[in-house]
Structure formats: structure tokens, C-alpha cells
Amino acid sequence: MRLTDYPIQNLKEEPADAEVVSHRLMLRAGLIRRLAGGLYTWLPMGLRVLRKVERIIREEMDRAGALEVSMPVAQPGELWVESGRWDQFGPELLRFKDRHDRDMVLGPTHEEVVTDLARRELKSYRQLPVNFYQVQTKFRDEIRPRFGVMRAREFLMKDAYSFHADEASLDEGYRKMYVAYDRIFTRLGLRFRAVQADPGAIGGTGSQEFHVLADSGEDAIAYSDGSDYAANVEMAEALAPAAPRPAPSQAATRVHTPRVKTIAELAAFLSVPVERTVKAFVVESHDGAPVLLLVRGDHEVNLVKVGKLAGLASPARMATPAAIRAAFGADPGSLGPVGFSGRVIADRTVAAMADFVTGANETDWHLTGVNFGRDCPEPEVADLRNVVAGDPSPDGHGTLGIARGIEVGHIFKLGSKYSEAMGATVLDEQGKSIVMRMGCYGIGVTRVVAAAVEQNNDERGIVWPEPIAPFQVVLVPLNWAKSARVREAAEALYRDLATAGVEVLLDDRDARPGVKFADAELFGIPHRVVIAERGLDAGKLEYRHRRAADNEELPLEGAVDALRARLGVPG
RNA sequence: CGGGGUGUAGCUCAGCCUGGUAGAGCACUACGUUCGGGACGUAGGAGUCGCAGGUUCAAAUCCUGUCACCCCGACCA
């Protein structure tokens with residue numbers, strides 16, 4: 001492509017309302033434009049990237065034996081009533097009525113449609129297993145679409161659904177998808193990690209997320225340095241400390257702590273390490289009664305874990321300040337287990353603490369030297385907290401580190417949730433009707449593009465991984481307008497590279513060198529060739545990889561072959 | 001949904017408090033100079049000041065309503 005044929009302007013100035021680097025760079029480089037909140041147009045340069053991602057995904061899905069289909073975006077509401085999700089799904093599900101006043105939805109996902117397809121088409125165990133996939137537009141009416149195409153309302157998703165006669169076949173289908181995903185993200189040139197995940201509301205028996213590693217990622221991932229254990233922090237188990245609880249050595253003492261708000265302030269005020277403090281949270285049980293949760297001052301409560309505890313509201317609900325005052329007679333900030341008669345659950349770490357500091361259940365007062373079994377009853381013990389770096393790995397091998405990631409893929413064993421509700425059955429060898437097992441497997445295709453930028457950029461712009469760069473090579477002729485020699489050399493190289501099947505972008509604008517260099521770097525094209533009179537005199541071109549700091553000389557003679565040899569070589 | 005903020009040229013913003021001819025930089029058009037890291041000069045095109053009411057001789061500016069967008073929202077328990 002010639003840049004003079006490309007009408008899209010890139011932006012020198014930062015768009016005012018773009019928060020994250022990928023959004024800013026995608027706008028600046030002219031990959032996307034916003035239509036309305038969470039709705040984006042993909043411009044030619046951006047679409048080239050998107051199509052490359054799609055192609056790699058399709059190739060690997062096909063290789064794994066999945067069958068591509070295309071299901072409608074608009075779906076009848078009655079299918080959602082049948083699966084039970086008409087009521088379960090919140091306002092994220094965009095609903096509307098057609099001209100006959102029938103309920104319709106814009107599909108946020110396609111379990112209902114594909115299960116309907118399966119129950120009509122699949123009648124025998126001999127047709128199984130099968131995996132249907134599509135690359136298709138999804139609509140989710142997010143409360144707060146953010147970060148450009150990272151969390152848009154309309155987005156492109158690869159979704160796949162497998163159907164099986166039994167659990168063993170589901171396991172096998174799931175494993176195949178794991179392998180396919182591993183290949184996909186490897187081929188995309190991204191640094192990623194597969195992690196154990198919370199199956200959450202979708203239910204089922206197993207689930208793993210694929211995260212692109214980036215410091216700006218919204219999710220935290222715990223991984224072991226001594227094994228291949230990796231899990232979303234929501235899921236990673238915090239083991240009980242190895243050392244037993246020490247014997248009490250201090251008497252419980254009331255301390256006035258006025259204007260002390262944070263745990264850090266409390267520790268400083270009392271001159272104790274934060275590891276000696278215990279903070280208290282109040283959640284609601286099934287019947288709305290307050291339940292006191294205790295975690296160490298420097299730890300964070302994990303509400304996903306809390307929501308799974310027996311007897312507690314699920315998902316977890318924090319008690320209101322009014323309810324807290326009624327139950328404890330103190331404001332949040334001065335709560336503790338001493339004198340509280342309700343249910344108390346301590347984190348495993350807290351259960352092994354002695355002589356700790358905690359709230360006195362009187363506003364602006366704390367207690368020091370508190371011990372379980374002496375000052376208050378022994379609490380229930382559970383894993384309540386997020387793991388932190390340095391915790392032992394739950395599989396017993398190594399210690400955990402924490403990384404940040406962007407979730408770009410998720411694979412689930414669904415089991416029979418949808419097939420049961422919608423009556424998707426086949427006949428087995430005995431001619432008996434059995435409910436099919438299902439798996440589902442998603443990749444956020446548009447999000448992959450944003451995540452790739454988020455992971456690969458520098459102060460000058462995007463640094464595309466080679467497999468998904470919009471162009472492989474950019475030609476930067478200097479003094480294009482005046483120098484016939486430069487034009488001829490650039491045109492020849494452009495033609496020869498294109499003939500050789502290289503995706504090449506020619507900057508044939510009458511622009512100053514600085515402008516061309518800056519744009520080439522903003523666009524993030526991996527390989528750059530400068531054509532200038534200076535070098536032509538010596539029969540040379542200048543080559544530079546986007547990740548490299550310095551130029552290399554490239555003989556004009558045989559330049560096409562020399563360049564082709566470099567394509568695909570990581571920088 | 002609650003709280004905060006912003007809507008003025010394609011983009012980034014000033015002007016609003018204190019009402020009186022709608023501005024700057026970038027981008028765009030033409031011409032000239034310039035040409036290896038986001039040039040410069042001259043001339044130009046481009047905005048119903050989000051929208052609707054109201055106050056006023058006069059509204060981008062004050063008032064009311066409305067829409068859109070952005071940010072924050074229970075780790076201080």
C-alpha cells in the first residue's frame with residue numbers, strides 16, 4: 001500500500017479521553033475511530049491486524065478439528081427464557097422487540113443458539129464429538145465501556161462449543177482446545193499465560209483463562225516459580241502458615257486511636273508492624289445476619305472466596321454501615337472479634353497469629369495483645385484472602401509471584417447446564433436418550449489486538465509482533481519529491497517486495513524525514529528500510545528493526561532476498 | 001444507579017467568574033522557501049459555542065431543563 005492512497009490521518013496529539021496506552025496508540029495510529037460509547041469503527045490499517053489475528057485463530061481451530069459456522073447476532077428471546085438466562089442475565093443483555101412485538105436479544109454469547117442447533121441436528125452418539133465455532137460480533141451492554149476496544153460493547157469474538165456423549169470425551173475436547181489456544185497465542189507472538197480460573201456464574205467443572213501479560217492488565221495472576229502452577233488471584237489458594245500459633249505473651253489492652261484511619265496509620269501510631277494487625281470486614285449471611293471476617297492488616301479480602309463459604313450470601317455482600325453500627329455499636333474501622341457474639345471467620349494466616357492488634361468495637365479504640373481462645377472464642381478458619389508474592393505455591397512446589405494480565409481467552413467445561421435445560425439429547429449405543437456434555441471456548445479477537453498493543457509499545461508508538469503487524473516492511477524514501485533516483489529505487493524495491501509476497505507499505509508522501517520516521521514508528525511496522533541519495537551513492541540501503549536501536553547497512557543489490565531472510569526473525 | 005467533571009473548528013484547548021464583533025496551536029487548501037528525526041513564511045477555508053427553553057437592548061458567557069461523553073464508586077471496617 002502507498003501512504004498517499006491512504007486518507008486516514010494519524011494524530012500527533014494525545015486524544016483527551018483515552019486512558020490506557022493501547023487505546024491512545026490505536027487512535028493516534030489511525031487503527032480505530034469511536035462512533036459512540038463502546039462502539040468502534042475499524043479503519044483499514046487496524047482491520048489488517050484484526051484479520052491476521054482472525055486468520056491464525058481460524059487455522060488453529062480448523063487444525064483442532066472444529067467446524068466453522070456463523071450464527072445470527074439477533075436471537076429470539078424465547079431461547080433465553082428456555083435456558084433460564086432471560087431472567088439471570090442483567091441489563092448487559094440488550095433486549096428489544098421486533099415488529100410483531102416478539103422479544104429479541106442481541107447475542108452477548110451463543111450457548112442458546114448453538115444448543116438449539118445441536119438438539120435439532122445431533123441425534124446419535126455416533127455424530128459426537130463435534131465442535132462448532134464462529135468468529136462473530138457480540139454485543140454486551142456494559143455499564144461502563146472503557147479502554148477503547150479492550151472493553152467495548154460491540155466486539156469480535158471467536159466462540160466455540162463442543163458436544164460430547166460423556167465426560168471423558170468432554171475432557172478430551174477441552175484438552176484439544178487448550179492445545180489449540182496455546183498454539184494460537186504462541187503464533188500471535190504474545191507473551192501469555194494459561195491460568196486456572198473461577199468458572200463463576202457460567203458454572204461447570206473446569207475452566208482456564210489465557211492472559212496476555214502486561215503491567216497495565218486488569219487481572220492479577222499468581223504463578224509459581226517452582227512448577228507450572230498459575231491461577232487467577234481470585235482462585236489461587238492461600239495456604240495456612242507452616243508455623244503454629246505462638247503462645248500469648250501480652251495482655252489485651254485498650255488503646256485510644258483517634259483520627260487513625262488506615263491500617264498503615266494504625267501500625268505507625270502504635271509502632272507495630274502491619275503484620276501484627278488484624279482488620280475486620282462485615283458481610284451478610286444468607287439470612288442477612290452480620291458475619292465478621294478477619295484478615296491480616298496487609299492482606300486483602302477475596303470476595304470470590306468469601307462468596308463460596310457455606311452460609312454466606314453468594315455472591316458476597318458487604319454489610320451496610322448502618323447494619324454494622326447496629327451489630328457492633330461502633331463504626332467500621334474499629335471492629336474486632338472481642339465481644340462480638342455472632343459468627344466470626346478468620347483467615348488462615350490470622351488464625352496462626354498471637355498478640356495481635358484489632359478494633360475494640362468502640363469507635364476510635366483498638367485492642368493490642370489480643371489472643372484467640374483467651375480474649376474471644378476460637379474462630380472458624382477459612383481461606384479468605386488474596387495470595388501475595390512470596391506465598392508458597394498451593395501445589396507445594398515453589399513460591400508465588402504476581403503478574404498482571406489481560407484476559408483474552410477462556411475455556412470452560414460446561415457440563416450439561418444448557419443441554420439439560422434445553423433438552424439437547426442423543427441416543428447412546430443402547431438406544432437410550434442421554435444429555436450431551438458441552439464445553440465452550442472463547443477468544444476476544446478485538447481485545448487480542450488491544451492487548452498486543454498494551455504489551456508491545458514504547459514511547460514512540462506501537463511495536464507489533466511480526467505475525468500480526470499490518471505490514472511487514474515500511475519503505476521510507478527520503479527526498480521523495482525531488483530525487484528521481486530515490487523514487488526509482490523505492491518503486492523498484494516496492495514492486496519487487498510485493499512480487500515476492502511481502503506486505504510492504506511505501507511512504508511516498510512528500511514529507512520531511514522526521515515526519516516519516518515518526519509515523520513509521522507510531523504504526524509499529526517491524527522492518528524499516530530507508531532509501532536515500534546518501535546511501536544510493538554507495539549502493540546501500542538502511543535497515544532497522546522496530547525493536548533495534550541502530551541502523552544496519554543493506555546492499556541495494558539483493559536487498560529483497562536479504563529482507564525476506566529477516567522477516568519473521570524476532571527482534 | 002450515586003458522586004464529580006467536561007461539551008467552543010477534524011484534534012488539543014483558551015474565552016465563561018465580570019454578558020457587548022468567536023480565538024490560539026495542530027490538521028486542511030494555495031504559493032514560496034526548506035528537506036536525515038514531527039520546518040518556516042504569506043494568504044485562505046472551516047465553528048447554528050451539545051440541544052431546548054428562559055432572563056436581557058444584547059447570551060459561548062447568567063438561569064432552568066435535557067442529551068452526550070469522561071472519571072470515581074464499599075481494603076478506612
Side-chain angles (χ1 to χ4, degrees), chain A residues 7-20 23-24 27-28 30 33-39 90-91 143-148 257 259-267 269 274 277-284 290-303 306 316-325 327-337 340 347 358-366 384-386 460-461 476-483 486 509-522 528 530-536 542 544 551:
Chain A
I8 304 302
Q9 276 183 19
N10 52 59
L11 310 173
K12 206 188 295 189
E13 290 180 79
E14 295 284 324
D17 49 13
E19 238 194 311
V20 296
H23 190 196
R24 282 203 301 271
L27 287 169
R28 284 190 53 207
R33 288 290 182 259
R34 198 184 76 99
L35 172 65
L39 302 175
I143 315 171
R144 248 181 90 193
R146 268 198 283 193
F147 308 145
T257 53
R259 288 183 302 282
V260 172
K261 297 287 187 192
T262 65
I263 285 288
E265 286 169 17
L266 176 67
F269 182 83
V274 287
T277 64
V278 168
K279 56 186 179 185
F281 296 79
V282 185
V283 295
E284 293 181 5
V291 175
L292 188 67
L293 305 179
L294 302 174
V295 288
R296 201 170 76 180
D298 57 325
H299 286 158
E300 291 182 1
V301 164
N302 180 320
L303 288 176
V306 170
R317 264 200 317 274
M318 302 300 259
T320 63
I324 290 171
R325 269 186 292 277
F328 291 85
D331 286 334
S334 302
L335 305 183
F340 175 63
D347 180 64
T358 190
N361 291 329
E362 183 176 350
T363 300
D364 290 339
W365 287 82
H366 280 78
L384 299 181
R385 67 175 175 93
N386 285 338
R460 297 178 173 206
V476 181
L478 303 186
N479 199 17
W480 168 271
K482 290 273 177 60
S483 169
V486 165
R509 297 174 298 176
D510 177 18
R512 296 166 66 84
V515 173
K516 293 191 175 191
F517 290 142
D519 284 347
E521 282 154 358
L522 176 61
R528 184 184 83 187
V530 176
I531 300 119
E533 297 202 294
R534 198 162 86 184
L536 291 179
E542 275 172 34
R544 183 139 146 197
N551 290 329

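Worth saying up front: this structure is predicted, and the values here are computed from it rather than measured.
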Whole-angstrom distance between [N] and [M], as gauged at atom [atom1]:
N       : M       : atom1 : answer
rC28(B) : rG45(B) : C1'   : 8 Å
rA43(B) : rG7(B)  : P     : 31 Å
rC70(B) : rU12(B) : C1'   : 15 Å
rA68(B) : rC75(B) : P     : 30 Å
rC49(B) : rA14(B) : C1'   : 13 Å
rG23(B) : rG32(B) : P     : 30 Å
rG3(B)  : rG65(B) : P     : 14 Å
rG20(B) : rC62(B) : C1'   : 14 Å

Spacing of [X] atom [atom1] relative to [N] atom [atom2], expressed in whole Å:
X       : N       : atom1 : atom2 : answer
D510(A) : rG32(B) : CG    : C1'   : 14 Å
R24(A)  : rC11(B) : CZ    : P     : 18 Å
K12(A)  : rC13(B) : NZ    : C1'   : 16 Å
F147(A) : rC69(B) : CZ    : P     : 17 Å
R460(A) : rG37(B) : CZ    : P     : 12 Å
L27(A)  : rC11(B) : CG    : P     : 11 Å
L293(A) : rC75(B) : CG    : P     : 14 Å
F517(A) : rA39(B) : CZ    : C1'   : 15 Å

Establish whether the base of [N] is bridged to the side chain of [X] by a donor-acceptor pair shorter than 3.5 Å.
X       : N       : result
N479(A) : rG36(B) : no
R34(A)  : rG10(B) : no
R28(A)  : rG38(B) : yes
K279(A) : rC75(B) : yes
Q9(A)   : rG10(B) : no

inquiry  = Donor-acceptor check, side chain of R33(A) to backbone of L27(A), threshold 3.5 angstrom: yes or no?
reply    =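 It does hold such a pair.
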
inquiry  = Is there a side-chain contact between R146(A) and the phosphate of rC72(B), meaning an N or O under 4.0 Å from OP1 or OP2?
reply    =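 Yes, R146(A) has a side-chain N/O under 4.0 Å of OP1/OP2 on rC72(B).
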
ask   = Counting just side-chain N and O atoms, does R512(A) come under 4.0 Å of either OP1 or OP2 of rG38(B)?
value = no

Selected nucleotide, minimal atom distance to [X] side chain, candidates [options]:
X       : options                   : answer
E542(A) : rG36(B), rC35(B), rG38(B) : rG36(B)
E521(A) : rA39(B), rC75(B), rG37(B) : rG37(B)
E19(A)  : rC76(B), rC75(B), rC72(B) : rC72(B)

message = Taking pairing as Watson-Crick or G-U wobble with both contacts under 3.5 Å, can you name the mate of rC40(B), or confirm there isn't one?
response =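 Result: rG32(B).
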
message = Is it the case that the side chains of N551(A) and R544(A) hold a donor-acceptor pair, with the cut-off being a distance below 3.5 Å and no angle test?
response =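 The answer is yes; a qualifying pair exists.
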
